[in-house]
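Take a look at the structure set out below.
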Number of protein chains: 2
Amino acid sequence: MACRHRSSTTTLARLAKPARLTPRLTTQPHFQSQVASAVRCFSSSRPSQLKETRCQQGKFTSETYPELKRDPRYGQVTKEHVDFFKGLLGTESAVIDGVTNENATDDIEPFNSDWMRKYRGHCRLVLKPSSTEEVSKILKYCNDNKLAVVPQGGNTGLVGGSVPVFDEIVLNMARMNNIIEFDEVSGILTVEAGAILEVVDQFLASKGYIFPLDLGAKGSCHIGGNLSTNAGGLRLLRYGSLHGTTLGIEAVLPDGTVVDDLCKLRKNNTGYDIKQLFIGSEGTIGVITKAVIQCPQRSKAQNVALFGLESYEAAQQAFREAKGHLSEILSAFELMDGGSQALVRQVTKKNSPLEGEYPFYCLIETSGSNSDHDGEKLQTFLEDVMEKGIVVDGTLAQDETQVKALWSWREGITEALGHLGGVYKYDVSIPLAEMYQLVEDTKARVEEAGLLGDTDEHPRVEKVLEPFVYEWISKRQGSISAEHGLGLAKKKYIGYSRTPAMVGLMKQLKDLYDPNAILNPYKYI
Amino acid sequence: MACRHRSSTTTLARLAKPARLTPRLTTQPHFQSQVASAVRCFSSSRPSQLKETRCQQGKFTSETYPELKRDPRYGQVTKEHVDFFKGLLGTESAVIDGVTNENATDDIEPFNSDWMRKYRGHCRLVLKPSSTEEVSKILKYCNDNKLAVVPQGGNTGLVGGSVPVFDEIVLNMARMNNIIEFDEVSGILTVEAGAILEVVDQFLASKGYIFPLDLGAKGSCHIGGNLSTNAGGLRLLRYGSLHGTTLGIEAVLPDGTVVDDLCKLRKNNTGYDIKQLFIGSEGTIGVITKAVIQCPQRSKAQNVALFGLESYEAAQQAFREAKGHLSEILSAFELMDGGSQALVRQVTKKNSPLEGEYPFYCLIETSGSNSDHDGEKLQTFLEDVMEKGIVVDGTLAQDETQVKALWSWREGITEALGHLGGVYKYDVSIPLAEMYQLVEDTKARVEEAGLLGDTDEHPRVEKVLEPFVYEWISKRQGSISAEHGLGLAKKKYIGYSRTPAMVGLMKQLKDLYDPNAILNPYKYI
């Protein structure tokens, strides 16, 4: 499906942040594989056009996707419904009522639109509960009255999962933002779903701990949203996925049942691990209200190195060696190709930290408890891979300024791409051995179609890329959504990564927990 | 429920191995909390009695639990059924037929009894499929004919989950033991469910990798069984739970449907994470046939220290400091009380590695990529905690022999307990702050009842301990089964750790996937 989206540089920079993952590959302009973005951002090759086209951003999702029709089984929100919710939630600020008050449209707009302004719904009622009990009563009422609901966290997703399509009620979790409990001995944190990731992480920092997840949108995103989308983010290589670090969840089912799986223990084998179903379910079977997270000790030291390599094979060897030498302290391994780095040089006018130019570059970060030890390990690693000829040249940051400077060669890519032309992005996961092959195969295909260079025939680009890219990924048992989930954007593509039998089993679960399908309709599976 | 079990020293030693977990508390004789064993082992206070009572081991589960009745909805296995399975599985060795061949009883016995000989079923048919397709056809046939089935791995569980109660068919996975694929760059392993943990780990060792789970029964247990029971084991502190390290699972549902969730990617957000339901479901909703595991790099260095502490509060401080100083290399933190160590001294006649005697001892293990660095960190940690008065005395192993010697003070506890009296064991999980309080409260209760010291009135001991211990745990939101699962032994106790609503949701899942309840009946929830 063509979702043309023209972005400003600012938007692209924000997009860039969730992209720092590991191992990660960033490639030439016109194609960026394995970079975290579920949206395909397309902008003209002429930067001057960017601003002119921003007026398009307010388009309703129902216009962008004209094939989507409002499901008639859902009730319309009436004054009577609004009165019920006002009675339930009490305070004025907990109910934003555009049903009986036409002047509320501006207040509701931020809840109707995602931050990219790519998706926009027609919601006229926003509810902001402050307790699990309120969430339960809201959902039960909506279920009884067949009112569709969109659970909403920080609204920082990239696939349109957290905003309504039509007149679904928005259930915004922002008021449930308390840090309930933290055990300084065990590092076990209990927190409400609406707490903002950065706030929680800063609290943990004051205790010498760290949230096991980090991502670019941390200043806005909610813990509940992170769990609902199974966010991967910057710390996955080191701390693993939320399926491992989440010890407990409290969630509310559409019928108001509270799923009380708020375990605060690292070990508990008493029955099916139901909480796991809510991690990554994008608000389609229940609303997460609280979570218990196992938080690791914060690392005292950070070291960063950048090096150049002659081939993708060498990059894979380097990854293997890095895991061997750096093992427990390796916290990031970022692979970038020569084209992407040439582009950053061109746009930023900065000198490369390495002397020569190479087909591939790797950025390695370590985080550990002893800076000297980590530096020594990194030095030994660099000497070893250079001696073996795996790495041609490398540099080690000597201080915090240099750490930031090295990272800028990775983080600056997305912004640099936006300066020079249209960008198609895919948030995909591919077995390592074949990862870069996707770039080469796609480049060959685009070249063959005569599309490299300046052209205004954008639809043709899309036809050349799709379904080619999805089919390519599907053949290698890759994932068409590595990180950002399905939402509205990828609902129709799930078949490229999942068998019909698996999708059938998923629908069975959806029917089990949400038989009236009131939660987050038109999305996911 | 009283399940008296008299064990030989050998058996106890084997029991001891899965007990090395972290943080872990081992206490005085007569009561051992937080030590991994779901069985309550009871033996006479006179070691000479141990051998005499081994004849009791062959008791049928149906005799030990007379309240259990064979469910009449299950069909009886007939010659016709056996013929079908022989036709399906072909080779003689894949079907052990005690239905038409009365002489097969001895061959079937190992599949009817658990390794402790605590549980024993009446099964007359064992099936050993060699492919997922065969598992699928077997289950479909059993489902169609309402034949009950017990999936069986290495049969090393402690709660009677892997052996039949009545005449359920045993579906033994031992023939599906292939290592299918290993990616040396990513460390991603694809393996059949019947592969033995130790075999897999040795294969990984040859590649410089490690299986993210280790436990005492590794020489017999299957990967599929590890997943089905969500085994925690020795490496949990370092590598996290199987919910985080398992990337993919293939499983077969009772109706023969193959759940193809055999993802080989670290990141894949395309729909509900259904595979998680099979982790820890103890073979009650499906049979795991294959798994994909993210394996970490094997650590090159190991260091061990033992130290004495004056109080449980100091032990908690030491744990906190250990996480701070040792952070990424901390791989075990074992807490033992003074009574347990006095007992090991008494039984082994060995001198303690520390000069004085202390109310508590901690054993710390580090695993990292650089022995010098790790030793230095451990040394700094020890100096710091001794300077702060958290630790009173400590010793650091200087070589492999000393490493083993220090570990023997932890590992020798269970065997030592068996030499001196009856032992009740509970496999529980309690929030750290209150963990040792359970020991003190229980000791006070046992003392008050006049039960400390020699006594032959065992039933009275049990009445004093239960439901006291379970109620105590329940009040602190602890888990009555930290590691070994529910199986048959703890099915009736789940209410101490789970709300009726949660148990209801679990039963709903069981009904969804196994509407005829053919899988592992009489157990779990």
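Computed from heavy atoms alone, side chains included, the values below leave out hydrogens, waters and symmetry copies.
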Flag, side chain of [X] to backbone of [Y], donor-acceptor distance under 3.5 Å:
| X | Y | result |
| --- | --- | --- |
| Ser136(B) | Thr132(B) | no |
| Asn269(A) | Asn230(B) | yes |
| Thr246(A) | Leu242(A) | yes |
| Thr229(B) | Gly485(B) | no |

*Any salt bridge between Arg498(B) and Asp260(A), counting N to O under 4.0 Å?*
no
Contact leader toward chain B among [options], where contacts are heavy-atom pairs under 4.5 Å:
| options | result |
| --- | --- |
| Asp261(A), Ile279(A), Ile494(A) | Asp261(A) |
| Gln294(A), Lys377(A), Glu328(A) | Glu328(A) |
| Val258(A), Leu265(A), Asp183(A) | Leu265(A) |
| Leu277(A), Thr499(A), Leu262(A) | Leu277(A) |

Among [options], which residue forms the greatest number of heavy-atom pairs with chain A at distances under 4.5 Å?
| options | answer |
| --- | --- |
| Thr270(B), Asn268(B), Ile274(B) | Thr270(B) |
| Gln317(B), Gln477(B), Glu184(B), Lys264(B) | Glu184(B) |
| Thr245(B), Ile480(B), Thr257(B), Ile285(B) | Ile285(B) |
| Val259(B), Ile525(B), Ile329(B), Val503(B) | Val259(B) |
| Gly280(B), Ser327(B), Ser369(B) | Ser369(B) |
| Ser241(B), Gly187(B), Gly271(B) | Gly271(B) |

Is [X] in contact with chain B via its backbone, its side chain, both, or neither, using a 4.5 Å heavy-atom distance?
| X | value |
| --- | --- |
| Tyr513(A) | side chain |
| Lys523(A) | neither |
| Lys323(A) | both |

Select one option (side chain, backbone, both, neither) describing which atoms of [X] are under 4.5 Å from chain A's heavy atoms.
| X | value |
| --- | --- |
| Leu253(B) | side chain |
| Glu321(B) | neither |
| Tyr272(B) | both |
| Gln316(B) | both |
| Ser186(B) | both |
| Arg298(B) | neither |
| Tyr239(B) | neither |
| Leu486(B) | both |
| Tyr209(B) | side chain |

Under 3.5 Å, is there a donor-acceptor pair linking the side chains of [X] and [Y]?
| X | Y | answer |
| --- | --- | --- |
| Ser331(A) | Ser367(A) | yes |
| His373(A) | Asn370(B) | no |
| Asp384(A) | His325(A) | yes |

For residues 505-512 of chain B, please give each side-chain donor-acceptor pair under 3.5 Å, one per line with the distance, not counting sequence neighbours.
residue   : atom : partner   : partner atom : Å
Lys510(B) : NZ   : Thr284(B) : O            : 2.6
Lys510(B) : NZ   : Asp514(B) : OD2          : 2.8
Lys510(B) : NZ   : Leu519(B) : O            : 3.0

_Sub-4.5 Å side-chain heavy-atom contact between Phe319(B) and Leu432(B)_ = yes
*asked:* Quick one, Ile210(A) and Ser299(A) - any side-chain contact, counting heavy atoms below 4.5 Å?
replied: no
*Stepwise side chain to side chain contact (heavy atoms under 4.5 Å, CB included) test for Lys490(B) and Tyr470(B)*: CA-CA 11 Å; Lys490(B) 293 202 178 171; Tyr470(B) 290 128; 4.3 Å; yes
_Chi angles and distances behind the side chain to side chain contact (heavy atoms under 4.5 Å, CB included) call for Arg320(B), Gln297(A)_ = CA-CA 9 Å; Arg320(B) 178 72 209 270; Gln297(A) 203 86 10; 3.8 Å; yes
